[in-house]
Amino acid sequence: MEVTFQLLDVSYELVGKEPRILMLSRLSDGRRATICYDGFKPYFYVLAEEPQKVASEIYALSRASSPIISVEEVERRYFGRPVRPLKVTTLVPGSVRDYREEVKEIPGVQEVLEADIRFSMRFLIDMNLYPMRWYTAKVEEIQDHYGTDAAFLVRGQIEEDASRANLDPLEGLRVLAFDIEVFNEQRTPDPKRDPVIMIGLMSSEGELKILESEDDRQLIAGFAEEVRRLNPDIIVGYNQNRFDWPYLIERAKVLGLELGVGRRGEEPQSGAYGHYSVPGRLNVDLLDFAFGIGEVKVKSLDEVADYLGVMPKEKRVLLEWWQIGEYWKDKAKREVLRKYLEHDVISTMGLAQKFLPFGAQMSQISGLPLDQVMSASTGYRLEWRLMREAFKRGELVPNRVERGEESYEGAIVLEPRPGVHENVAVLDFASMYPSIMVKYNVGPDTRGEGYTAPEVGHSFRREPPGFFKEVLERFLRWRREIRRAMEGLQKGSPEYRLLDERQKAIKILANASYGYLGWPSARWYCRECAEAVTAWGRNLIKTAIAKARELGIEVIYGDTDSLFVRNSERVAQLVAFVEKELGFDIKVDKVYRKVFFTEAKKRYVGLTQDGKIDVAGFEAVRGDWSELAKEAQAAVAELVLKTGRVEEAVEYVKEMGRKVKEGKVSIDKLVIWKTITRRLSEYKAEQAHVTAAKIMVKQGIKVEPGTKVGYVIAKGSGPLYTRARPYFMASWEEVDREYYVEKQLIPAAMRILGYFGVKESQLLPRRTLKDFF
DNA sequence: GCCTTGAAGTTACCG
DNA sequence: ACCGGTAACTTCAAGGCG
């Protein structure tokens, strides 16, 4: 018989000593199935001086527990050069690691390659299978269902079902959002002590449940049961990899329970990089995605959900984490706690609907299963795709090697012309770095006579095209085709949105390729390549600037691949020059009615033609300034650019300062958020946010690298760092109002108003009577 | 010992 | 855990002065 299935995830198990691949799948008839594949064996490569001699020594290592099945000399390429490595095939995937270590020690062995690719991923690569895509295969049904509705054993080829390529991969998959509430006494809860009090669940069908119990043994067991009953394909949460899963697992252990949420009742497994996998399901932590939203600085669920319009703040019940205990103890308040959890779960499901479509496309393109792709960095997503491309070309995958970092020169940033400029066109090179890589055949395998990069002198052969050029050209062609297909579709239609997510995913991988080459941990690391790319980039923008000057076009600013120029009909000539003479795509990205610069690079405020204000670089868009300063600066910028009424802006700032002095501003607007980037003991210099963090730790609140600490500055005489307090432990009475006026509000406002002749003294609020006495 | 000043340390931005 | 370039803040330590 034949089945049509969508691949969701892959794992393997041993049947005797033989590995059996298990593909978690959804069938075209709606059933969930495990598609099994027998006969695929683990292997790795060995590059050696005298292959035959080494081959017999490898055979000699063979152990009965996992025999070396074959050692054969094969033809491959390594960094583009033909090589004849030994392909060593064994039986038990787990033994590859051990054999690698032993083989390394054999004299004459130069390198052991591809011994660090996990067996189940190895299978997907070799079979050219991508998660979330659809396939057909001849199969026969087998007895063991592996926890799914049915299971099949593949008998023959697995073919992609192209007719389903443009179907929404998430349509019909069951998603479950969950969130837990834990009792706490205003400190980080401890699973040995603090019970789980409520668990919220919401299914993609809209079923919403709040479980609660005084006895969390019952609660946790009930939760696992609910998960098994709803039997989701995808489990989503917010920060569950760092909190909910480890807490539930630990708490279950304390209570002598098993957290059986897997497809066959297994516990979640903690894996590499703080990720948890739930056997038989895709566990997706939406917080990983929230990191992609730069506009939201403090990535709490409520902030992100509000920003995305999933759950507006004013409509939701909001509690702070330290209030949970209080709202549980006081039974009159429990209804509020329930509502709060309900809103959290609805928000989580809302976020899933926003993020999963992109994740599914990234999965289809990078080849990583959905749960891994969501938590993987861009560099790894690209690398997994590169590994597949390498396999297709018979290229060996280089090992990851530890390297010291050697820095190199990057892009050019022009000194801006300070002041307000009118009618400014922003020209952007389209995908400048990938275009350079394609044009000059840049890559680790193409070093040689041909194209020579300016300044740095690294050169690359013209022909034949190298690995990166080929991959990038495929990406660019693919994306062009998708964008063409999108033209024929209704904007906003489901198919349009699907293709849009797909083209975005491709673009992200293409644009990551330069950074990837300069990343010391990259398998295909090539500093010279990255260095050559930026050198060509500098050359390109310099040439464009020279041409602009020649055409009499005033250049106001530029950064890397963008040029801000006085708009005129001559701009078209500049565009034509870049396209025809230089051979790069450039376009007018936007035209500002007005744009304002100080002397600082990477900072400007622009007024677009439709009246929108763009702020780049300034305090108003930074997460480490108080809302007070940010709001005031944004207001000042808008006022000055839109109306030019400087006095009004001055009055506004003065009024704001007066309010601060009178304590009439919400204390929330004074909080400064900064990330803890290392262990507290590793800081060399004292700092305000570290002080606040230390106070938190003393209170029993966990602070780890990555934690954002919100603090306010309190009155007092010592250095700033001695006066920082966690924001939730400070009252208005303690706040140093002078600091907020003089070191936050006024500097942020002056950054802009200073260029309009305003003096700092003009912004000081009139002294109140109280100050006077 | 105090004050000035520039370097160092730190964070978060731009493209 | 993709890159380098950049602004801006506070802290820290060196050097000058008395």
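Note that the structure is a prediction, hence the values are computed from the model and not measured. Naming: A, B, ... by sequence-line order, numbering from 1 per chain.
Following rounding to the nearest Å, A/Arg381 (CZ) and C/dC2 (P) show an atom-to-atom distance of 10 Å. The distance between atom CD of A/Glu383 and atom C1' of C/dC3, rounded to the nearest whole Å, is 15 Å. Here C/dA8 presents its P atom at 9 Å from CH2 of A/Trp625, a figure rounded to the nearest Å. The CG atom of A/Leu414 sits 10 Å away from the P atom of C/dT6 (whole-angstrom rounding). The distance from atom CG of A/Asp736 to atom C1' of C/dT10 is 15 Å, rounded to the nearest whole Å. Going from atom OH of A/Tyr525 over to atom C1' of C/dC3 covers 11 Å, rounded to whole Å. Here C/dA8 presents its P atom at 10 Å from CD of A/Gln633, a figure rounded to the nearest Å. Put simply, CE on A/Met437 is 12 Å from C1' on C/dC3, counting in whole angstrom units.
Between A/Trp478 and A/Phe475, the ring planes are parallel. Angles under 30° get that label, and only those over 60° would be called perpendicular.
For A/Tyr130, the ring-ring contact (aromatic ring centres under 6.0 Å, His included) criterion is met by no residue, not counting sequence neighbours. Judged as a ring-ring contact (aromatic ring centres under 6.0 Å, His included), and not counting sequence neighbours, the contacts of A/Phe467 are A/Trp524. With sequence neighbours excluded, no residue satisfies ring-ring contact (aromatic ring centres under 6.0 Å, His included) with A/Tyr592.
A/Pro520 comes within 4.0 angstrom of the backbone, heavy atoms only, and of no base. Here A/Gly515 lies in heavy-atom contact (under 4.0 Å) with a base. Note on A/Ser377: only backbone sugar-phosphate atoms sit closer than 4.0 angstrom, heavy atoms only; bases stay farther off. As judged by a 4.0 angstrom heavy-atom cut-off over every strand, A/Thr534 is placed among residues making no nucleic acid contact. Residue contacts for A/Arg751: at a heavy-atom cut-off of 4.0 Å it reaches the sugar-phosphate backbone alone, with no base atom in range.
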Which pairs of donor and acceptor atoms, one on a side chain in residues 507-514 of chain A, lie under 3.5 Å apart (sequence neighbours left out)?
from     : atom 1 : to       : atom 2 : distance (Å)
A/Ser513 : OG     : A/Ala510 : O      : 2.6
A/Tyr514 : OH     : A/Tyr408 : OH     : 2.9

Show me the donor-acceptor pairs within less than 3.5 Å that the side chains of residues 365-373 of chain A make with the rest of the protein, sequence neighbours left out.
from     : atom 1 : to       : atom 2 : distance (Å)
A/Ser366 : OG     : A/Met362 : O      : 2.7
A/Ser366 : OG     : A/Leu368 : N      : 3.2

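The A/Glu619 side chain lies nearest to C/dA8 when the options are C/dT11, C/dA8, C/dT6.
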- Note on the structure: Per-nucleotide protein contact along nucleotides 8-15 of chain B, 5' to 3', at a 4.0 Å heavy-atom cut-off (B base, S sugar-phosphate only, - neither), is -SSBBSBS
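Counting heavy atoms from C-beta on, the side chains of A/Phe564 and A/Ser562 come closer than 4.5 Å.
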